[in-house]
Amino acid sequence: MSTSENTPFNGVASSTIVRATIVQASTVYNDTPATLEKANKFIVEAASKGSELVVFPEAFIGGYPRGFRFGLGVGVHNEEGRDEFRKYHASAIKVPGPEVEKLAELAGKNNVYLVMGAIEKDGYTLYCTALFFSPQGQFLGKHRKLMPTSLERCIWGQGDGSTIPVYDTPIGKLGAAICWENRMPLYRTALYAKGIELYCAPTADGSKEWQSSMLHIAIEGGCFVLSACQFCLRKDFPDHPDYLFTDWYDDKEPDSIVSQGGSVIISPLGQVLAGPNFESEGLITADLDLGDVARAKLYFDSVGHYSRPDVLHLTVNEHPKKPVTFISKVEKAEDDSNK
């Protein structure tokens, strides 16, 4: 769908239109192969509409554990919670791994850039991760959520500065912030400094207030914001009498909504291009005019002409934080010929 009046030389104004789609749907809980098949159907549908970028919600692969308690309380541990975590860990994926290879294949087969929310397992620690894939069927890399929210911290590890990529692609500079990371001003600033234009915000926040954050970020960053949230019914989750799905109401009917979605696409000028959808699963699609990035930054460029580095300055540590580092001693082999 990309159309442009571009040239290899500078000095000529260009206009590029990119069609982007958000998938608003629920995980198939405790069944990662079925979740991948569901993702495949949505990717095929989005590609059939001419989309070049497809964005899935937070934790789509592996599942966002809304309402799960894992038997946790201060000073409380129990066998049922441990076994619930065992099942959740089993649904998570290794990166790289066979599921990542499958997702890369789907991106290549459908000729799309793909941003997929997943629960990643590294040994026995889980991470909330966004995975990036190219239309050539390549796994580009990942972003691990820096700061899990509230009880998420009991089940997910923290990412570090080594996985905050912004990819320079033919359809724009692509990156992600996951859920309430979007409330972290310094993390947003790091993404802005990397030139992000296609700002993906996979989330589990289906609140109406979330829309205000997305609108603000689009204007603040001078970028397109694509926020993808799951739409889930109670019956989409494993049956469990102790789940507390929402603090809005205590409706235990199978068809009651426990994650209401709200996926939305917003331009750098603050225009809502598609969504929000609070009604159902489905696709949210919009055509993005990348020229809007320059139009917006005439007035405000937070890491350019509107910055004051003499007063305010951010340092980002991109080194991986490993708990154990092995240093192997390399010894020069002795020459025994004279012995």
Side-chain angles (χ1 to χ4, degrees), residues 13-22 24 52-53 55 57-58 113 115 117 130 143 145-147 149 164-169 171-229 260-278 284-309 311-314 316:
S14 64
S15 175
T16 301
I17 306 297
V18 174
R19 180 162 291 177
T21 291
I22 290 171
Q24 177 164 290
E52 298 169 90
L53 171 62
V55 182
E58 177 181 15
Y113 283 93
V115 180
H143 164 57
K145 192 174 186 178
L146 289 174
M147 178 52 70
T149 303
I164 52 173
V166 171
Y167 299 99
D168 193 354
T169 79
I171 65 167
K173 294 182 179 180
L174 177 67
I178 303 171
C179 205
W180 280 13
E181 279 187 321
N182 288 279
R183 293 185 173 188
M184 298 173 70
L186 300 185
Y187 180 61
R188 297 199 307 269
T189 302
L191 294 179
Y192 301 156
K194 292 189 173 190
I196 193 166
E197 296 167 328
L198 302 170
Y199 184 115
C200 300
T203 187
D205 189 338
S207 69
K208 298 293 177 62
E209 293 77 15
W210 180 253
Q211 303 299 313
S212 298
S213 291
M214 297 299 96
L215 178 60
H216 172 78
I217 290 169
I219 296 171
E220 176 185 70
C223 53
F224 289 94
V225 170
L226 301 97
S227 181
C229 188
Q260 61 183 351
S263 299
V264 68
I265 301 175
I266 304 174
S267 84
L269 298 169
Q271 298 169 339
V272 176
L273 302 178
N277 174 6
F278 291 106
I284 296 92
T285 299
D287 290 334
L288 318 181
D289 180 356
L290 294 189
D292 283 348
V293 175
R295 294 182 184 105
K297 290 190 176 180
L298 164 65
Y299 306 110
F300 185 85
D301 185 351
S302 63
V303 292
H305 63 77
Y306 219 94
S307 66
R308 282 294 306 277
V311 179
L312 305 168
H313 180 78
L314 171 65
V316 180

Return the CG to CZ distance between L198 and F224, rounded to the nearest 0.5 Å.
7.5 Å
With rounding to the nearest 0.5 Å, note down the distance linking CZ in R188 to CD in E220.
4.0 Å
Determine yes or no for a side-chain-to-main-chain donor-acceptor pair under 3.5 angstrom, with H143 supplying the side chain and V166 the backbone.
no
In Å and rounded to the nearest 0.5 Å, what is the CZ to CG distance from R295 to L290?
10.0 Å
Check: I164 and Y187 side chains under 4.5 Å, non-hydrogen atoms
yes
With the side chain counted from C-beta on, respond yes when T16 and I171 share a heavy-atom pair under 4.5 Å apart, and no when they do not.
no
Mind checking whether N277 and S263 have side chains closer than 4.5 Å, heavy atoms only?
no
Hey, is the main chain of A201 close enough, under 3.5 Å, to the side chain of S227 for a donor-acceptor pair?
yes
Roughly how far, to the nearest 0.5 Å, is CG of L298 from NE2 of H305?
7.0 Å
Might you point out which heavy atoms bring V264 and I22 nearest each other, and give the distance in Å?
O-CD1, 3.3 Å
Closest approach of C179 to K145 (non-hydrogen atoms, all atoms of both residues):
CB-NZ, 3.7 Å
If I compare all heavy atoms of Y306 with all of Y299, which pair ends up nearest, and what's the gap?
CD1-O, 3.8 Å
Counting only N and O atoms by type, is there a donor-acceptor contact under 3.5 Å from the side chain of Q211 to the main-chain atoms of G262?
yes
Return yes if some donor-acceptor pair links the side-chain N/O of Q260 with the main-chain N/O of G206 below 3.5 Å, else return no.
yes
Give a yes or no on whether the backbone of G117 and the side-chain of E58 come within a donor-acceptor separation of less than 3.5 Å.
no
Could you grab the distance from atom CG of L174 to atom CD1 of I196, nearest 0.5 Å is fine?
7.0 Å
Do you know the tightest heavy-atom contact between A204 and C229?
C-SG, 3.9 Å
Correct closest heavy-atom pair for G221 and Y192 would be CA-CE2, 3.4 Å
Compare every heavy atom of I265 with every heavy atom of I284, then report the nearest pair and how far apart it is.
O-CD1, 3.7 Å
Side chains of V303 and L314 in contact at under 4.5 Å (non-hydrogen atoms):
no
Can you check whether L269's main-chain N or O pairs, donor with acceptor, with S267's side chain at less than 3.5 Å?
yes
Do N182 and S213 come close enough that some side-chain heavy atom pair is under 4.5 Å?
no
Assess, by modelled atom type and distance only, whether the side chains of T203 and W210 contain a donor and an acceptor separated by less than 3.5 Å.
no
Side-chain donor/acceptor of E181 to backbone N/O of L146, under 3.5 Å
yes
About how many Å separate CE of M147 and CD1 of I178, when rounded to the nearest 0.5 Å?
13.5 Å
